[in-house]
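Read through the structure below, which is laid out as structure tokens, and then see the notes.
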Amino acid sequence: MIGYERQRKGEEMEKQYAQVIIDISHEKVDRPFCYKIPQHLKEKVEIGSSVILPFGKGNTLRKGYVIQFPEKPDFAEEKIKEIAEVREGIQVENKMIQLAAWMKEEYGCTMIQALQTVLPIKAKVKPKERKVLVSLAEGKELQDALELAEKKKQHAKARVLKQLQYHKELPYSLVMQKLHLSAATIQSLQKSGLVQIISDITYRNPLKEVEIKQQEKEPQLSKKQQEIVDKITEERKVNPTGKYLIHGITGSGKTRVYLELIEKVIAENKSVIMLIPEISLTFQTVMRFQKRFGNRVSVLNSSLSAGEKFDQCQRARKGEIDIIIGPRSALFTPFENIGMILIDEEHESSYKSEAMPKYHAREVAEKIALLHGASLVLGSATPSLESYYKAKEGEYRLFQLNHRLTGGQLPHVYIEDLREELKKGNRSIFSERLQELIRDRLEKKEQIILFLNRRGYTGFLSCRSCGEVVKCPHCDVSLTLHNNGKMVCHYCGYEREKVKVCPKCSSKYISGFKAGTQKIEEEFIKTFGETKILRMDKDTTTKKDSYDQILSQFMEEQAQVLIGTQMIVKGHDFPKVTLVGILAADISLGVNDFRAAERTFQLLTQAAGRAGRGNLPGEVVIQSYQPDHYSIGHAARQEYESFFEEEILYRKLGSYPPVYHMLVVQLFGARKERVQQLAQSLAVVEKRRNEEGLTVIGPTEAAIGKINNIYRMRLILKHKTKEQLIKEKNRMEEIIRDCEKKEIIVQFDFNPMSSF
Ligand code: ADP
Ligand code: ZN
Ligand code: ZN
């Protein structure tokens, strides 16, 4: 009998022993201890049960949590102590441990890894005092101060005064982080009597009153918004664990729908988890939630220290807050009774963890919702293929919001063929059309965003004359150039020498596309003359707040041009932007990745949506070597549905997610032969099984075969159902366990997000 089935059986029938952890909120989760389960408790004890047990030499009674039922004890039978008592009632911890047990099984990590992911880690840090900035000036006085600051070019001061016009009080930390004011600026504001800083103790009660009074009336819900709110609310009464997908372009009113739904859920005395990708957690978004829910909402983000994060968990546990907003880790906030989990921009790849356990927030949210009897609401302008597929299959209920509520027309989109430009003798990175429009905007003093899609720029080769991307003859994915000069298919292992001329048109202009934002800035100045340009990419945003800083500088029109990578396309409104240029739309198509077209479609749709958000109409230029590619055409016309239909067909044909499930087994080790051997033996075992419908590919070398002298290999399994792949994973875990001594790390990645 294999281990998995054995374990299953153990759980269901004879629970003899229990692995128990004693202290779960420690910096490092303790190692588990083995206890015997007395006969009379066997019925009562479950994974996650809170138990009382004799511990240590003096057998003092302590509290612990059951995490596993091993078949055999891990030390001498006669020394094993017995569990004294099973505590009644379900605590938050039970659910957390059940969740961890599920994650261990679902993602193939260790129980300790799973526990460390789901349990809040207590770190010894002094909690920060919570402060708010309160405006003492109002109306004309505030307006005058703002105008003065603007005249004196005191941008930081102006930023905060502008916000104080809309919000009488602002959280101090938010002002520091998102409006990046220095302490000196705030002091000077305080001195001039414009603001006052109030700290925690004085804060909580008195100001809540002010807040509520000040809450301005929001406009009435549109008919469509009301319909969504009503239908979900109605359905929740009969089926609290419903799952919903709201497909709506940016600005169509999704966030407003979230706010209404959340209000209804907390009125039922239940808590809410609201996931928003870190990069979209802007000042405006956070304020919208805080204004509506005041002290009952808390925000998690990466600039909080471990101690502060832990404090938020404590507040949730004590019932001091009802709503948590944050990136994927906010899922593990220890609320007693969750009523709804919402995931905004659910297509974002940051919802998938890249470390073990490699979980997807959407899947974990579904599980948590099930444990708590909560509903799940997903929202996106460009839903992931996964979610839209589920909506089509009837698993999610689909709602559409098709109109922008803030006015502004959809921009006009031009697609420019870069192959034609080359034929015309234009070697510049700007097509003729884009050059013409840039000149026009520079003259009119309107703003321009130039977008460089760089995600996939490593490795693949494309022809600058005909657009050909060198692909695997068997797999319809591009080959990746390895350091040794060979081109390799990461799906089937096919290999060939690097090409020198284009296999299609024999042009020698075949190369990897390499142009960073800096290069583009240089080109821009060479072509259009000196002007202030803001750049945003990984290199210019290494400092914590530089991202927000660049965005506000652009917002304040300190520069007319912003050049950046995909970071700039996320949910920001720049009313003065009337031109968006997408310099090479196909770069992400060349990536050896079945998600390449989806990613391109999402990026282009979002980038195009940046233009014409204000009163001025916008134009978008998409430059491409493959202008006929369906992802480009559908994005230009903002046709999600037709893109989906075409893309899902391709996923079906290639047996890719979401139609099939995929498990990537990654092996890492210092000794090449050992890594190869283990990879090989896993492949042999899996292939020999001849399991119906199971495809086994590889083993092959990883995209980068060696990093820091650690060799990397991988094996890919595909099947119609995830359950089958989980079974295969468990089978492989057995083999891996037996050769743990070989110093090889094995990781499992289900339905991976990135090219690998
Ligand atoms: P999304 O989350 O889809 O981008 P939001 O909820 O943020 O959309 O709404 C976009 C803009 O439209 C916001 O400025 C919001 O205040 C406004 N808005 C939302 N709902 C309405 C409504 N019913 N009537 C008028 N304006 C609205
Ligand atoms: Zn060619
Ligand atoms: Zn191949």
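Scope of the values below: all heavy atoms of this structure, side chains included, with no hydrogens, waters or symmetry mates. When a residue number appears, it is its place in the shown sequence, counting from 1. One-based numbering, in listed order, for ligands and for the atoms of each.
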field: Proximal candidate to atom 5 (P) of ligand 1 [heavy atom criterion; set G379, P219, G253]
entry: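 Looking at heavy atoms only, the winner is G253.
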query: Where the closest heavy atom to atom 3 (O) of ligand 1 is concerned, which of E260, K254, R288 has it?
result: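 Result: the heavy atom closest to atom 3 (O) of ligand 1 is in K254.
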- request: For ligand 1, note which part of D344 has a heavy atom under 4.0 Å away: side chain, backbone, both or neither.
  value: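 Neither part.
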task: Answer side chain, backbone, both or neither: which part of T255 comes under 4.0 Å from ligand 1, heavy atoms only.
output: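 Near ligand 1, T255 shows its backbone as well as its side chain.
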message: Filter on ring pair (Phe, Tyr, Trp, His ring centres under 6.0 Å), then keep only pairs touching residues 320-342, sequence neighbours left out; what's left?
response: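 Qualifying pairs, neighbours excluded: F332-Y359.
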Check each atom of ligand 1 against the heavy atoms of [X] and keep those under 4.0 Å away; list them by number with element.
X: Q220; result: 22 (C), 23 (N), 24 (N)
X: S222; result: 23 (N)
X: I249; result: 3 (O)
X: L221; result: 23 (N)

message: Any nitrogen or oxygen of G248, side chain or backbone, less than 3.5 Å from one on ligand 1?
response: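 Min N/O separation from ligand 1 is not below 3.5 Å for G248.
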Ionic contact status for [Y] with [X], cut-off 4.0 Å:
X: K390; Y: E386; value: no
X: K445; Y: E557; value: no
X: E147; Y: K151; value: no

- prompt: So with a 6.0 Å cut-off around CD of E235, is the heavy-atom count from everything else above 12?
  reply: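 Atom CD in E235 is crowded, with more than 12 foreign heavy atoms closer than 6.0 Å.
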message: Can you confirm whether more than 12 heavy atoms, excluding those of H155, are under 6.0 Å from its NE2 atom?
response: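 Check passes, neighbour count above 12.
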query: What pair of heavy atoms forms the shortest contact from S375 to Y244, and how long is it?
result: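 Nearest heavy atoms, S375 then Y244: CB-CE1, 4.2 Å.
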